[in-house]
2 protein chains.
Amino acid sequence: MGNIKKIAELSGVSVTTVSRVLNNHPYVKEDKRKAVLETINKLNYSQNLNAVHLSRGKTSMIGVMVPYIAVPYYGNLLEGIGEAALKNNYSINLFQTNYDEKKEMEALEKLKSKQVDGMIICSHTANMDIIRKYAEEHPIIVCEKVAEKNIAAVYIDHYSAFRQGIDFLHENGYKKIGYCVNRAKSLNSKLREKAFYEGLAELGLHVAKEWVFDSCLTIEDGKRVVKEFLELEDRPNALLVTSDQVAAGIMTEARRHKLNIPEDLALLSYDNHPISEALELTTMDLPIVEMGRRSFQLFQQLQEKKQETPIELKAKLVIRSTV
Amino acid sequence: MGNIKKIAELSGVSVTTVSRVLNNHPYVKEDKRKAVLETINKLNYSQNLNAVHLSRGKTSMIGVMVPYIAVPYYGNLLEGIGEAALKNNYSINLFQTNYDEKKEMEALEKLKSKQVDGMIICSHTANMDIIRKYAEEHPIIVCEKVAEKNIAAVYIDHYSAFRQGIDFLHENGYKKIGYCVNRAKSLNSKLREKAFYEGLAELGLHVAKEWVFDSCLTIEDGKRVVKEFLELEDRPNALLVTSDQVAAGIMTEARRHKLNIPEDLALLSYDNHPISEALELTTMDLPIVEMGRRSFQLFQQLQEKKQETPIELKAKLVIRSTV
DNA sequence: TTGTAGGCGTTATCAT
DNA sequence: ATGATAACGCCTACAA
């Protein structure tokens with residue numbers, strides 16, 4: 001292996017010259033370049049990136065904060081980020097937080113420690129104030145519609161996506177509409193809540209608190225929803241479900257209880273992951289991979305300019321057979 | 001922010017002392033420790049990890065090589081690795097390769113460049129010889145049953161899992177058995193192939209080349225399988241399917257063609273991801289998250305001892321309604 | 001076009 | 001218990 005100094009010696013040049021060929025700088029004669037390249041090859045040498053990072057003051061690594069890796073939504077987001085990162089010679093430092101605020105803080109600290117050049121926050125539980133603090137000093141991208149101007153964001157317009165969903169249900173004759181949401185306190189969820197109440201109000205539909213199911217993320221949660229649904233005296237006949245996974249759980253458990261979909265309960269889901277096709281789920285297609293790509297691009301722009309306008313992505317209805 | 005030197009000055013101690021409190025070394029008086037901690041707090045100081053890494057010669061980062069991030073199998077593997085890594089204060093450097101050998105090489109180079117302390121190879125296309133080269137110098141874990149002793153591995157015993165599957169189908173009266181496999185050239189696939197032919201032979205069942213479907217990874221692939229299946233003059237009446245995703249695709253497309261499962265075609269899948277419950281898939285449960293955890297643990301042992309015995313994990317049958 | 005020397009921020013060795 | 005000082009390996013003025 002060796003280091004740059006040894007390469008220099010064996011090639012009969014200075015370390016500067018070696019560094020130059022390593023970094024494709026101009027101003028190095030062809031024969032010297034060749035000589036250097038040769039000894040590099042002979043010694044099977046590789047740069048020590050830690051030294052490079054230290055010297056340069058940056059790492060070409062981007063942090064990605066997700067609550068759960070194995071949840072398809074985040075897998076897809078990661079896919080998009082990874083694709084864009086790779087193209088730009090960036091590598092990904094992945095932080096799984098389980099929505100544990102302490103772990104989120106640890107991830108954010110990597111910004112200060114210069115282990116990563118920036119951070120894409122796919123979802124979080126920590127307060128925005130904390131994130132803003134870090135965002136003042138480091139490039140941070142958030143995947144939700146934040147109020148503050150000074151924090152970069154790429155997000156799906158969940159408000160209009162939800163309104164669109166409500167309209168579609170209404171057009172199909174459903175008047176008793178409820179919904180399942182991921183985590184009620186998240187910004188994305190609040191937007192959906194707003195859309196829900198405003199949408200129903202405009203259509204003059206009845207709104208019932210018991211038709212709102214919180215903390216729905218997994219298939220298990222979907223099953224729980226059905227159980228709660230069955231306990232209800234007055235039941236909704238249609239549900240907006242904020243993830244295909246949850247919808248899948250609802251379908252599973254509904255089948256067990258001889259509940260027919262959509263006759264007894266219509267389901268309009270969000271995501272359009274492959275699973276939704278297998279289940280013939282009517283769903284809103286969310287451009288998640290695209291959001292990942294855009295997040296990385298925004299990060300790069302942020303590194304240069306310092307301020308960026310938010311990017312808003314739209315959802316698209318995919319009609320199958322659960323509505 | 002500042003650096004260790006400034007902290008030293010302002011605290012009236014030497015950099016060594018600061019380093020000592022930073023690393024919880026003994027031999028530093030309580031008052032000095034306090035003073036240091038205070039100025040650290042006041043300056044909002046964080047270590048520069050690049051410097052730490054350079055100095056220490058290691059990074060506390062582990063590389064994880066996957067072909068696709070968004071495929072549930074790898075998502076789960078990653079989940080397990082992430083969980084174990086976090087517990088040991090390691091962070092994950094994720095490399096998505098798309099089975100592009102060049103990208104795989106780039107990832108492996110990060111070992112030489114000391115960006116990562118080791119690498120968990122979840123799946124790869126590069127030749128084993130190449131990987132062995134790196135494994136001689138660096139801790140590498142592979143998730144498949146490799147022949148060579150000198151390369152650490154954690155894997156699921158696909159041979160017995162496949163034999164078990166065949167036996168189960170046979171017990172249920174199926175005599176015309178085919179299978180879908182991920183990538184025919186991978187070691188895991190070869191093991192399954194071996195199990196398939198040996199298993200059918202022992203049971204005295206007919207073996208047909210046309211009943212083997214290669215390159216099956218996604219839902220789309222599953223649909224393709226059904227189309228090919230329909231073209232067959234002599235069709236199998238049961239299929240071993242090496243992933244729930246593919247099985248889901250088969251079910252989707254089968255439904256479209258009025259093919260009944262399991263009457264017209266029985267399906268025994270592998271994975272037991274949540275989706276398989278929603279689809280009522282009979283499947284072999286694969287301990288993937290566990291494999292991820294074990295991979296990381298093995299990596300740590302490897303760092304210390306230098307040689308480790310392979311770890312073999314078993315699959316478990318979950319009966320639902322597609323057989 | 002090339003080389004010298006100083007800096008990046010820590011840790012580790014060796015005195016004291 | 002504490003502190004100089006030399007690594008760690010690379011980049012980058014600046015000088016030539």
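The sequence lines fix the lettering, A, B, ..., with proteins before strands; numbering per chain opens at 1. Keep in mind that this is a model prediction, so the values were computed, not measured.
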What is the separation between atom [atom1] on [X] and atom [atom2] on [N], rounded to the nearest whole Å?
{"X": "A:Leu49", "N": "D:dC11", "atom1": "CG", "atom2": "C1'", "result": "14 Å"}
{"X": "B:Glu9", "N": "D:dA4", "atom1": "CD", "atom2": "P", "result": "11 Å"}
{"X": "A:Lys5", "N": "D:dT12", "atom1": "NZ", "atom2": "C1'", "result": "17 Å"}
{"X": "B:Ile4", "N": "D:dA7", "atom1": "CD1", "atom2": "P", "result": "19 Å"}

Got a list of protein N/O to nucleotides 14-16 of chain C N/O distances below 3.5 Å?
none

(request) Using side chain to side chain donor-acceptor pair (under 3.5 Å) as the criterion, list what pairs up with A:Asp117, not counting sequence neighbours. (result)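 So A:Asp117 forms a side chain to side chain donor-acceptor pair (under 3.5 Å) with A:Thr59, A:Tyr90.
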(message) Under the ring-ring contact (aromatic ring centres under 6.0 Å, His included) definition, can you give me all pairs with a residue in residues 16-60 of chain A, not counting sequence neighbours?
(response)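 Listed once each, the pairs would be none.
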(request) Have a look at the helix from C:dT1-D:dA16 to C:dT16-D:dA1 and give the angle its two end axes make, five pairs each, rounded to 10 degrees. (result)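 End axes: 30° apart.
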(request) Salt-bridge test for A:Lys145 and A:Glu312: reply yes if a basic N is under 4.0 Å from a carboxylate O, no otherwise. (result)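 Salt bridge flag = yes for A:Glu312 with A:Lys145.
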(request) Answer yes when B:Glu9 and B:Lys5 have at least one side-chain N-carboxylate O distance shorter than 4.0 Å, and no when they do not. (result)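 No, B:Glu9 and B:Lys5 are not salt-bridged.
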(request) Would you jot down, in residue-number order, the residues of residues 50-61 of chain A having a non-hydrogen atom under 4.0 Å from DNA chain C? (result)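 Hits under 4.0 Å, by residue number: A:Leu54, A:Ser55.
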(request) Return the 5'-most residue of the pair B:Ser14, A:Thr16 with respect to DNA chain D, ranking by each residue's nearest nucleotide. (result)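 The residue closer to the strand's 5' end, by nearest nucleotide, is B:Ser14.
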(message) Expected output is a numbered-order residue list: members of residues 24-48 of chain B with a heavy atom under 4.0 Å from any atom of DNA chain D. What is it?
(response)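 Of all residues in residues 24-48 of chain B, the ones placing a heavy atom under 4.0 Å from DNA chain D are B:Tyr27, B:Val28, B:Lys29, B:Lys32.
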(request) Record whether the side chain of A:Thr17 comes under 3.5 Å of the base of C:dT1 through a donor-acceptor pair of N or O atoms. (result)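 Looking at the base of C:dT1, it does not pair with any donor or acceptor on the side chain of A:Thr17 (distance under 3.5 Å).
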(message) For C:dT11 and B:Ser19 - does any side-chain N or O of the residue sit under 4.0 Å from the phosphate oxygens OP1/OP2?
(response)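 Yes, because at least one side-chain N or O of B:Ser19 sits under 4.0 Å from OP1 or OP2 of C:dT11.
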(message) Under 6.0 Å between ring centres: does that hold for B:Tyr68 and B:Tyr99?
(response)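 When the ring centroids of B:Tyr68 and B:Tyr99 are compared, they turn out to be within the sub-6.0 Å range.
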(request) With rounding to the nearest 0.5 Å, note down the distance linking CD1 in A:Ile131 to CD1 in A:Ile151. (result)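 Rounded to the nearest 0.5 Å, the CD1-CD1 separation comes out at 6.0 Å.
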